[in-house]
S.K.: 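For reference, the structure I am asking about is given below.
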Protein chains: 2
Amino acid sequence: MRYLTKENCQTCKLKCDIFFTAREMGIEAELAPEHVVYKKHELICRQNAEVTHAIILIEGNAKMYIDGMNNKNIILNILLPSNYIGLLSIYGSTTYAYNVAALNECRTCHADINLLKKLYYENHNFLLKLNSAFGNSVNNIMQKLISLNQKQIRGKVAESLLYLAQLYDANTFELTITRKELGELSAISEENAVRVLTEFKNEGIIGLEGKEISLKMPDLLKKISAFG
Amino acid sequence: MRYLTKENCQTCKLKCDIFFTAREMGIEAELAPEHVVYKKHELICRQNAEVTHAIILIEGNAKMYIDGMNNKNIILNILLPSNYIGLLSIYGSTTYAYNVAALNECRTCHADINLLKKLYYENHNFLLKLNSAFGNSVNNIMQKLISLNQKQIRGKVAESLLYLAQLYDANTFELTITRKELGELSAISEENAVRVLTEFKNEGIIGLEGKEISLKMPDLLKKISAFG
DNA sequence: GCGCAACATTGATGCACAACAACTTTTTTC
DNA sequence: GAAAAAAGTTGTTGTGCATCAATGTTGCGC
């Protein structure tokens with residue numbers, strides 16, 4: 001983890017909603033955002049820690065996950081640039097309900113949480129925009145609840161693969177997560193994640209070349225996901 | 001399901017936040033809320049249906065649940081008077097992400113969703129209050145995710161019992177839900193819900209008298225819940 | 001470029017739980 | 001208040017998956 005001087009962060013100004021809104025409201029000067037670079041595997045925020053900043057992911061991929069029991073995690077989401085980190089913990093509680101860790105080198109923009117509050121207390125559109133993103137996250141989690149509880153491993157892995165394809169908006173993509181993490185995303189063991197992947201490969205449903213995955217029969221995958 | 005004339009609903013005026021806010025804003029006249037009585041088992045809102053009204057539970061208990069696969073439901077929450085029904089679906093999407101059904105006779109207050117939007121577009125405090133309830137719901141679901149995925153049946157049932165005790169704010173309470181529903185709340189089969197209950201009774205952890213349940217050793221129950 | 005650690009793979013074993021079945025008890029309905 | 005439906009109970013069986021184990025492979029630090 002490494003703090004950047006303000007001059008180093010240009011992309012932030014282009015992607016960060018907080019920045020736009022603060023400027024609109026003429027309180028850009030108060031913003032004084034910090035920009036931070038996290039190395040692969042570093043924790044960006046920790047479950048149960050105080051929420052002191054609004055954090056936006058500017059570059060890189062991160063995983064949002066909860067600590068389960070006996071060292072088993074559940075990955076809720078993969079975060080991409082311009083996503084809020086910790087969005088779901090902005091209102092209700094003052095502590096994070098989950099961890100976020102960098103999957104590769106990540107750059108983030110931190111704004112003091114009190115400034116964020118000021119923004120959404122005083123700027124309606126900003127709050128409404130925040131809420132909309134919020135609502136979507138809730139629907140996601142809901143979907144995950146069903147899936148993790150009632151599908152079996154093939155269905156779960158199929159769903160995860162479709163999720164990733166949709167996330168990266170491509171049927172062929174680099175798998176940024178390990179097999180263990182694919183397991184955590186699907187709430188199954190690492191071993192079974194591997195097993196299902198090779199099954200799918202042998203059945204011609206997906207292609208596997210090193211880190212690259214291609215969904216060759218996405219429709220069949222959807223069926224497998226839908227019927228468990 | 002039966003519509004009430006406005007004169008019939010007095011409690012609503014005492015409990016309904018929407019009512020207060022509308023009055024505060026001087027648009028009480030626009031409110032024109034509908035008051036509805038649902039019989040036991042009736043659906044108050046249906047998954048995937050359009051969200052046309054903000055609904056507040058005035059009297060009775062309801063269950064919020066998602067349709068799983070092969071007719072297996074997952075109960076997310078039990079709703080009590082003055083809870084918003086469908087709170088989680090107010091922002092993001094235009095359709096409900098879950099069902100709500102009456103556990104006994106329920107009375108609700110319906111306000112047009114556009115009025116609700118008007119309220120929270122124009123009244124900041126109202127929106128913030130809404131958001132706070134929202135945040136809590138999210139934390140609940142999160143907790144459920146862990147629990148349903150990683151605890152085993154004794155832990156799951158223990159958690160459900162503690163949840164109910166906290167909900168009704170009493171260590172002895174009437175079990176308004178059936179064993180099947182206790183199973184759905186804990187994401188286990190009905191049969192195992194029964195089995196665990198009798199186990200707990202035989203071990204002296206709980207008392208069972210008809211519909212009445214009493215937590216005799218809540219601390220032990222907490223341990224069982226915590227360690228799965 | 002060597003050595004160690006993280007990641008990946010495959011097979012074998014055990015067990016927790018769902019599903020089934022058969023039955024009793026309670027509640028609802030007309 | 002009788003018949004039907006819903007809810008509750010207990011024992012048994014089968015299986016999907018986690019876990020363990022052993023080994024191969026890749027990547028990274030120095």
Side-chain angles (χ1 to χ4, degrees), chain A residues 39-42 63 68-75 101-105 147-158 160 174-202 206 208-213 224 227-228, chain B residues 39-42 63 68-75 101-105 147-158 160 174-202 206 208-213 224 227-228:
Chain A
K39 278 185 295 194
K40 190 172 173 174
H41 293 158
E42 272 187 309
K63 60 176 174 179
M69 342 191 57
N70 19 311
N71 290 327
K72 290 182 37 178
N73 301 324
I74 304 175
I75 297 180
L103 287 172
N104 43 36
E105 182 155 304
S147 149
L148 299 199
N149 250 287
Q150 311 198 330
K151 292 182 184 175
Q152 37 199 76
I153 52 172
R154 285 170 64 91
K156 288 178 180 177
V157 173
S160 291
E174 193 95 340
L175 190 67
T176 48
I177 57 176
T178 66
R179 309 303 155 111
K180 182 159 191 270
E181 285 166 334
L182 180 63
E184 289 174 349
L185 183 63
S186 316
I188 62 174
S189 69
E190 179 184 3
E191 292 91 329
N192 278 328
V194 171
R195 255 182 277 267
V196 173
L197 275 186
T198 48
E199 270 177 44
F200 283 172
K201 192 180 72 177
N202 292 339
I206 61 169
L208 278 176
E209 304 245 356
K211 285 256 158 239
E212 197 162 289
I213 276 195
I224 295 174
F227 293 103
Chain B
K39 278 185 295 193
K40 191 173 174 174
H41 292 159
E42 274 188 307
K63 60 176 174 180
M69 345 192 54
N70 19 311
N71 290 326
K72 289 183 35 177
N73 301 323
I74 303 176
I75 296 180
L103 287 172
N104 43 35
E105 182 155 305
S147 151
L148 299 199
N149 250 288
Q150 309 198 331
K151 292 182 184 175
Q152 36 198 79
I153 53 171
R154 285 171 63 91
K156 288 178 180 177
V157 173
S160 291
E174 193 95 340
L175 191 66
T176 48
I177 57 177
T178 66
R179 309 302 157 108
K180 182 159 191 267
E181 285 166 334
L182 180 64
E184 289 175 351
L185 183 63
S186 316
I188 62 175
S189 69
E190 179 185 3
E191 293 92 328
N192 278 328
V194 171
R195 252 183 279 267
V196 173
L197 275 187
T198 48
E199 270 177 44
F200 283 172
K201 190 179 73 174
N202 293 338
I206 62 170
L208 278 177
E209 304 245 356
K211 284 257 158 238
E212 196 161 290
I213 277 195
I224 295 173
F227 292 103

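Throughout, protein chains are lettered first and strands after them, A, B, ... in sequence-line order, and every chain is numbered starting at 1.
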S.K.: DNA chain D: Lys40(B) or Arg195(B), which has the more 5' nearest nucleotide?
M.R.: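 Looking at the nearest nucleotide for each, Lys40(B) comes out on the 5' side.
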S.K.: Any heavy-atom pair between the side chains of Ile74(A) and Gln150(B) that's under 4.5 Å?
M.R.: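 With C-beta onward as the side chain, the pair touches.
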S.K.: Atom NZ of Lys151(B) and atom P of dA18(D): how far apart are they, to the nearest Å?
M.R.: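 Taking NZ of Lys151(B) and P of dA18(D), I get 19 Å after rounding.
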S.K.: Using OP1 and OP2 only, check whether a side-chain N or O of Asn192(A) sits under 4.0 Å from dG16(D).
M.R.: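 No.
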S.K.: Using side-chain contact (heavy atoms from CB on, under 4.5 Å), reason through Lys63(A) and Ile177(A) one step at a time and then give a plain yes or no.
M.R.: CA-CA 9 Å; Lys63(A) 60 176 174 179; Ile177(A) 57 176; 5.8 Å; no
S.K.: Between CG of Leu103(A) and OG1 of Thr178(A), what distance do you get to the nearest 0.5 Å?
M.R.: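 That separation rounds to 9.0 Å.
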S.K.: Could you state the atom-to-atom distance from NZ of Lys72(B) to P of dA18(C) in whole Å?
M.R.: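 So the NZ-P distance, Lys72(B) to dA18(C), works out to 6 Å.
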S.K.: Report yes if a donor N or O on one partner sits less than 3.5 Å from an acceptor N or O on the other, where the partners are the side chain of Arg154(A) and the base of dG16(D); otherwise report no.
M.R.: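 No, no donor-acceptor pair under 3.5 Å.
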S.K.: Taking the side chain as every heavy atom from C-beta outward, state whether Leu148(B) and Leu148(A) have any atom pair closer than 4.5 Å.
M.R.: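 With C-beta onward as the side chain, the pair stays apart.
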S.K.: For Ser189(A), which contact category applies under a 4.0 Å heavy-atom criterion: base, sugar-phosphate, or nothing?
M.R.: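 Base, at least one base heavy atom under 4.0 Å.
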S.K.: Is a donor-acceptor contact shorter than 3.5 angstrom present between the side chain of Gln152(B) and the base of dC17(C)?
M.R.: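 Result: no qualifying N/O pair found.
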S.K.: Please report, rounded to the nearest Å, how far the C1' atom of dT24(C) is from the CD atom of Glu191(B).
M.R.: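 In whole Å, dT24(C) C1' lies 15 Å from Glu191(B) CD.
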S.K.: Whole Å only: how far is the NZ atom of Lys180(A) from the C1' atom of dA5(C)?
M.R.: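 In whole Å, dA5(C) C1' and Lys180(A) NZ are 14 Å from each other.
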S.K.: When you measure from the side-chain N and O atoms of Arg179(A) to the phosphate of dA8(C), is any distance below 4.0 Å, counting only OP1 and OP2?
M.R.: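 Result: yes.
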S.K.: Does a side-chain N or O of Lys211(B) approach OP1 or OP2 of dG8(D) to a distance below 4.0 Å, or not?
M.R.: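 Yes, because at least one side-chain N or O of Lys211(B) sits under 4.0 Å from OP1 or OP2 of dG8(D).
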S.K.: Round to the nearest Å and state the distance from Glu184(B) atom CD to dA7(D) atom P.
M.R.: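 The answer, rounded to whole Å, is 10 Å.
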S.K.: Send over the distance from Asn149(A) CG to dG16(D) P, rounded to a whole Å.
M.R.: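 Taking CG of Asn149(A) and P of dG16(D), I get 17 Å after rounding.
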S.K.: Rounded to the nearest Å, what distance is computed from the CD1 atom of residue Ile188(B) to the C1' atom of nucleotide dA16(C)?
M.R.: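 In whole Å, dA16(C) C1' lies 12 Å from Ile188(B) CD1.
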S.K.: May I ask you to decide if Ser147(A)'s main-chain N or O and Lys156(A)'s side chain share a donor-acceptor pair within less than 3.5 Å?
M.R.: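 The answer is no, because no donor-acceptor pair under 3.5 Å joins these two groups.
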S.K.: Between P on dA7(D) and CG on Leu208(B), what's the gap in Å once rounded to a whole number?
M.R.: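 In whole Å, dA7(D) P lies 18 Å from Leu208(B) CG.
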